[in-house]
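Following: one structure in structure tokens, then a few remarks.
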There are 2 protein chains.
Amino acid sequence: MTRADRPDPGDLDLQKQVCFALYAASRALTAVYRPVLERLGLTYPQYLVMLVLWERGQTSVKALGESLQLDSGTLSPLLKRLEAAGLVDRARDPRDERSVVVSLTPSGDRLREQATGIPRAIAEATGVPASELAYLRDTLRKITEAATAAPDKETT
Amino acid sequence: MTRADRPDPGDLDLQKQVCFALYAASRALTAVYRPVLERLGLTYPQYLVMLVLWERGQTSVKALGESLQLDSGTLSPLLKRLEAAGLVDRARDPRDERSVVVSLTPSGDRLREQATGIPRAIAEATGVPASELAYLRDTLRKITEAATAAPDKETT
DNA sequence: TGCGTTTTGGTTGTGCACAATCTAAACGGT
DNA sequence: ACCGTTTAGATTGTGCACAACCAAAACGCA
């Protein structure tokens, strides 16, 4: 890290503000999704899983976890709830009995049509211009990447 | 909403990407905090509460909730854990017995010194330049504000 | 072939986040 | 003074998120 990149003391407050803003914005945005998704009987994380399945048709739990950056402790019960709701099937892969393949039921596939209006509804509710969204997405990805690779500094 | 602000179909994917990026970035960043805060025996939401208390000294549960945008269902058990850890006291306000005032114990006050290094450690771990952070903070606040004011469009 | 290692999911326990509901205190108008 | 309404906080129940641990299947190599 070069001298110029190292934050000076004046930045520390800014740093805290960004962390809290991120935390608050994430909760506020999922709160916008909540009533919309409720009509489909989905939570936001469940909706993310369905998005992956609608796009790929069939996915192992491992691949789902990599896409959404969630571990089995989160996904296992979530997938069991989706299965109980009749939206997905789970079956061991006969080629590798360790792997569980998640696939859409007819009901889960039909739900896709009801979900097509959701991104537009959210976009209208938040109303942030597309030009800013693209920059925001890129900055957030940068932060996620940096945070994921963060070395867990043991400052002794 | 004017014609120019309405997203065209091409933006819908961008919209989803931003929502997921926000969700992922928030979790990734709290994951960076986790090992650092663990040394203080705090979780990230508990740290946010302590930040408010370190700044204001004494706060009602209601004021805490407004600052952090959290309701009593989240704060009550969290504050009980902070109390069990000996970091805060809770007492009914004698002037208004409905209100509970949260204050720092000597131990909670001392913890502030151990926490001074945290923002710097996080800033170094993520390494996003200050110039971008300021813009990011402002954009996130805009989204939070828009999302909080969102009218829960009943699209019938 | 046998056995240690890795991979894949599941389980358990803790701690948010939030909706819904409840109690008690304060308030407000008559 | 009375009673309906509002407000502050706690409680209950559901669903993530994640750490820690576990079991079974697959792999690899001596």
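In what follows, every chain begins at residue 1, and chains take the letters A, B, ... in the order their sequences are listed.
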B:L29 has an atom CG; how far is it from atom P of D:dC18, in whole Å?
->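 In whole Å, D:dC18 P and B:L29 CG are 12 Å from each other.
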For A:D71 and D:dA19, what is the distance between atoms CG and P respectively, to the nearest whole Å?
->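 Those two atoms, CG and P, are 7 Å apart.
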Among [options], which nucleotide sits nearest the side chain of [X]?
X     : options                : answer
B:R92 : C:dA17, C:dG9, D:dG9   : D:dG9
B:S76 : D:dT11, C:dG10, C:dA24 : D:dT11
B:R27 : D:dC18, C:dC18, D:dC16 : D:dC18
A:R81 : C:dC16, D:dA26, D:dG15 : D:dG15
A:E97 : D:dA26, D:dG15, D:dC18 : D:dA26

Salt bridge flag under 4.0 Å for residues B:R90 and B:E83 =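 B:E83 and B:R90: salt-bridged.
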Do B:E66 and B:K62 sit within salt-bridge range, that is, some charged N less than 4.0 Å from a carboxylate O?
->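 So B:E66 pairs with B:K62 through a salt bridge.
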If we ignore angles and hydrogens, is there a donor and acceptor under 3.5 Å between the side chains of A:R110 and A:T105?
->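 Judged by distance alone, the side chains do not pair up.
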With a 3.5 Å cut-off and no angle check, do the side chains of B:T144 and A:R27 form a donor-acceptor pair?
->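 Checked: B:T144/A:R27 side chains show no N/O donor-acceptor pair below 3.5 Å.
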Classify the nucleic acid contact of [X] as base, sugar-phosphate or nothing, counting any heavy atom under 4.0 Å across all strands shown.
X     : answer
A:S99 : sugar-phosphate
A:S60 : sugar-phosphate
B:T43 : sugar-phosphate
A:L75 : nothing

Candidate list B:Y23, B:Y33, B:Y44, test ring pair (Phe, Tyr, Trp, His ring centres under 6.0 Å), partner A:Y23, passing option |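 The passing option is B:Y44.
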Is a donor-acceptor contact shorter than 3.5 angstrom present between the side chain of B:S72 and the base of D:dA10?
->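 Such a pair exists between side chain and base.
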Between B:K80 and D:dA10, does any side-chain N or O lie under 4.0 Å from OP1 or OP2?
->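 Negative; the distance criterion is not met.
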Ignoring backbone atoms, test whether B:R98 places a side-chain nitrogen or oxygen under 4.0 Å from the OP1 or OP2 oxygen of C:dC27.
->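 No, outside the criterion.
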